[in-house]
Structure formats: C-alpha cells, structure tokens
A.B. asks: 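Mind looking over this structure? Questions follow.
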Amino acid sequence: MKKLVFLSVAIAAVMLLSCGGSGRFQAEREEDTVDVNDLIRDHTLYGLCGAIPSTSLLKLITDTGDTLTVDITRAREEHKLLGSFRVGDRLALMTNKKQTEATEVININLLLGDWVMPDPLDGSDEIGIRIKEGGVAESIEMTNITYRTWRIFNGKLEITSIREGGGESEETNYFEILKLTGDTLIYKTIGKPQDEEETMEYSRWREKVQPDLHGLKLEEHQDEYMKL
C-alpha cells in the first residue's frame, strides 16, 4: 500500500513539473517570437522641433503629443542629419528602441518643393519631381513617368508612380536620401538589382532671372532664321 501511495505521488510530481516546464518553454517561445506585422510597420517618429538644447541634443514634440529629448550625435557622425533644422521645423526621426538616440533625422520642410535636373536626353529642359504636403507627388515636365504619392517609411523615401506604357498600375520604389539641403536633394534607389540602381541629383527649382536690357526690347522677326 505504501508503495502504491509513493508511486501515485511520484507520478503527480512528474506531471506537475512537466506542465510547469511546458509553460516556461511556451513563454520563452512567445518572448522570442517576432511579430510579422512588426517587420512592415513604420517606425519613423514624426513631430516638430521643440528646442535645440545643444549641438548634440534635440527636443521633438511628436504627433502623439509626447516630448522626447534625443541625442543626435550618432546621426551626425553617420552623415544622417539630412537638412539643418530649427525650432518649428517638421522632422522625421529614426531612433533606437528606447527613443533616446537618433540614427537619422530628416527635415520634412526642406524636402518639400520643386526639385529639378537637366533632362538627361538633351539637357535643354529641366525635369523633376514636386513634393507637396499631404503626401502628394507630381511630375515636372516629364512624359514617361507620373509621380503620385510620397512618404517617409522607416527612414527611406517611398514614391509611387505610373510609367509610360505601364497602364494604370502603380509601382512603388524606395530611395535612400544621401543629401538634403536648401538647394540640393540627392537620393538613390534601393532594393533593386545593381543594373537598375539610379542616383538622382536634383537642385531646387528657381525662377530664372531675366537679363536686364536697360529698357531695350528684342526685335521680333517673322523669318525663323532671324529670330533671336
């Protein structure tokens, strides 16, 4: 009888330990599991520059109403301070998980506007992209591509467009911003085969200054060979 009681207790103990071990193993598995949705989630922080306490710190007032003090030393050292900024500028930041250190800072205010380059076909005209508020993008003097939308996604510039001959289907391309100043925007394609990579170098569109003729007017001629 004693042996039977001892055997019952031993079996119960083994079952209890087994359940406890299974629970711990399950918890460890759940802790190590990576959420698939997390891989496609935008981790960019958006907000306004609230203050610049020092050359290495930035206060960001996020779109959710939080105020974060972020160290921008790493972003500066890795040349990821894309556009100088001042209080009130709208910024997009990539940070560490604790949101204490910025790995990239993009000045959205500087990114907006008309960006052009000489037409690669003949260089006679300027073509480019118009980046507008609200995520709207437009083509400038381009017939082979129509830009539709843009956004910053995990520190990359995402642009949707429709190419000539592509029907009405949109294509989405991602670009790494290499340089952003008041007058220059340079970005390159990512996630494509090497032979399809492009680096786009734009200048901000400026209205061309007309020459001062001191009151003189150019004479117009009907003869096309005499036109100035």
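All residue numbers in this chain count up from 1 along the given sequence.
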A.B. asks: Given side chains that start at C-beta, do those of T149 and V136 come closer than 4.5 Å, heavy atoms only?
C.D. replies: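 No, every pair of side-chain atoms sits at 4.5 Å or beyond.
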A.B. asks: For residues L68 and Q99, report the shortest heavy-atom separation together with the two atoms involved.
C.D. replies: CD1-OE1, 3.7 Å
A.B. asks: Among V70, L82, L93, find the one that has a side-chain contact (heavy atoms from CB on, under 4.5 Å) with V105.
C.D. replies: L93
A.B. asks: Please tell me if the side chains of L185 and I177 come closer than 4.5 Å, counting only heavy atoms from C-beta onward.
C.D. replies: yes
A.B. asks: Do other residues, nucleotides or ligands put more than 12 heavy atoms under 6.0 Å from E78 CD?
C.D. replies: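 It does: E78 CD has more than 12 such atoms within range.
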A.B. asks: May I ask whether I129 and V116 are part of the same hydrophobic cluster, defined by side-chain heavy atoms of I, L, V, M, F, W, Y residues being less than 4.5 angstrom apart, directly or through others?
C.D. replies: no
A.B. asks: Do I159 and Y187 have side chains that approach each other closer than 4.5 Å (heavy atoms only, starting at C-beta)?
C.D. replies: yes
A.B. asks: Is the closest side-chain heavy-atom distance between T44 and M94 below 4.5 Å?
C.D. replies: yes
A.B. asks: Under the 3.5 angstrom rule, does the side chain of N96 hit a backbone N or O of E101 as a donor-acceptor pair?
C.D. replies: yes
A.B. asks: Provide the closest heavy-atom pair for N107 versus R90 in the form atom of the first, atom of the second, distance.
C.D. replies: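 Looking at all heavy atoms of both residues, the closest pair is OD1-O, 3.6 Å.
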A.B. asks: Nearest 0.5 Å please: distance from the OG1 atom of T103 over to the CG atom of D71.
C.D. replies: 11.5 Å
A.B. asks: Calculate, to the nearest 0.5 Å, the distance between atoms NZ and CG belonging to K192 and N173 respectively.
C.D. replies: 4.0 Å
A.B. asks: Which heavy atom of I162 sits nearest to which heavy atom of R148, and what is that distance?
C.D. replies: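 Residues I162 and R148, closest heavy atoms: CD1-NH2, 3.1 Å.
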A.B. asks: Check step by step if side-chain contact (heavy atoms from CB on, under 4.5 Å) holds for L112 and E133.
C.D. replies: CA-CA 7 Å; L112 299 176; E133 290 186 1; 3.4 Å; yes
A.B. asks: Answer with yes or no whether the hydrophobic clustering places M117 together with I131; edges join I, L, V, M, F, W, Y residues whose side-chain heavy atoms lie under 4.5 Å apart.
C.D. replies: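 Linked within one cluster.
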A.B. asks: Of all heavy-atom pairs between S56 and T73, which one has the smallest distance, and what is that distance?
C.D. replies: CB-OG1, 3.4 Å
A.B. asks: Of all the heavy-atom pairs spanning C49 and R86, show the shortest one and how long it is.
C.D. replies: CB-O, 3.5 Å
A.B. asks: Could you walk me through whether I152 and L157 satisfy the side-chain contact (heavy atoms from CB on, under 4.5 Å) test, starting with their C-alpha distance in whole Å, then the side-chain angles of each, then the deciding distance to 0.1 Å, before giving a yes or no?
C.D. replies: CA-CA 5 Å; I152 299 297; L157 177 61; 4.1 Å; yes
A.B. asks: Could you go through the side-chain contact (heavy atoms from CB on, under 4.5 Å) check for L111 and W150 one step at a time?
C.D. replies: CA-CA 11 Å; L111 187 61; W150 73 274; 3.9 Å; yes
A.B. asks: How about CD on E196, more than 12 heavy atoms from neighbouring residues, nucleotides or ligands closer than 6.0 Å, or not?
C.D. replies: yes
A.B. asks: Looking at CD1 of I106 and OH of Y46, how far apart are the two atoms once the value is rounded to the nearest 0.5 Å?
C.D. replies: 8.0 Å
A.B. asks: What distance do I127 atom CD1 and N144 atom CG have between them, rounded to the nearest 0.5 Å?
C.D. replies: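 Rounded to the nearest 0.5 Å, the CD1-CG separation comes to 7.0 Å.
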A.B. asks: To check you understand the geometry: which heavy-atom pair defines the closest contact between S84 and L110, and what is its length?
C.D. replies: O-CD1, 3.7 Å
A.B. asks: Using a distance-only test with no angle check, is there a side-chain donor-acceptor pair under 3.5 angstrom linking Y147 and E138?
C.D. replies: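 There is no such pair between these side chains.
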A.B. asks: Is I145 reachable from M200 through a run of I, L, V, M, F, W or Y residues, each pair having side-chain heavy atoms under 4.5 Å apart?
C.D. replies: yes
A.B. asks: Between S139 and T146, do the side chains contain a donor N or O and an acceptor N or O under 3.5 Å apart?
C.D. replies: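 The answer is no; no qualifying pair exists.
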A.B. asks: What's the verdict on side-chain contact (heavy atoms from CB on, under 4.5 Å) for F85 and I72, showing C-alpha distance, side-chain angles and the deciding distance?
C.D. replies: CA-CA 12 Å; F85 49 86; I72 60 174; 4.0 Å; yes
A.B. asks: Output the distance between atom CG (L180) and atom CD1 (I108), rounded to the nearest 0.5 Å.
C.D. replies: 8.5 Å
A.B. asks: Taking atom CG of L60 and atom OG1 of T69, what is their separation to the nearest 0.5 Å?
C.D. replies: 9.5 Å
A.B. asks: Scan residues 171-190 for pairs that pass salt bridge (Lys or Arg N to Asp or Glu O under 4.0 Å), counting only residues two or more places apart or in two chains.
C.D. replies: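 Pairs touching residues 171-190 that pass the test: K80-E176, R163-E171, D183-R206.
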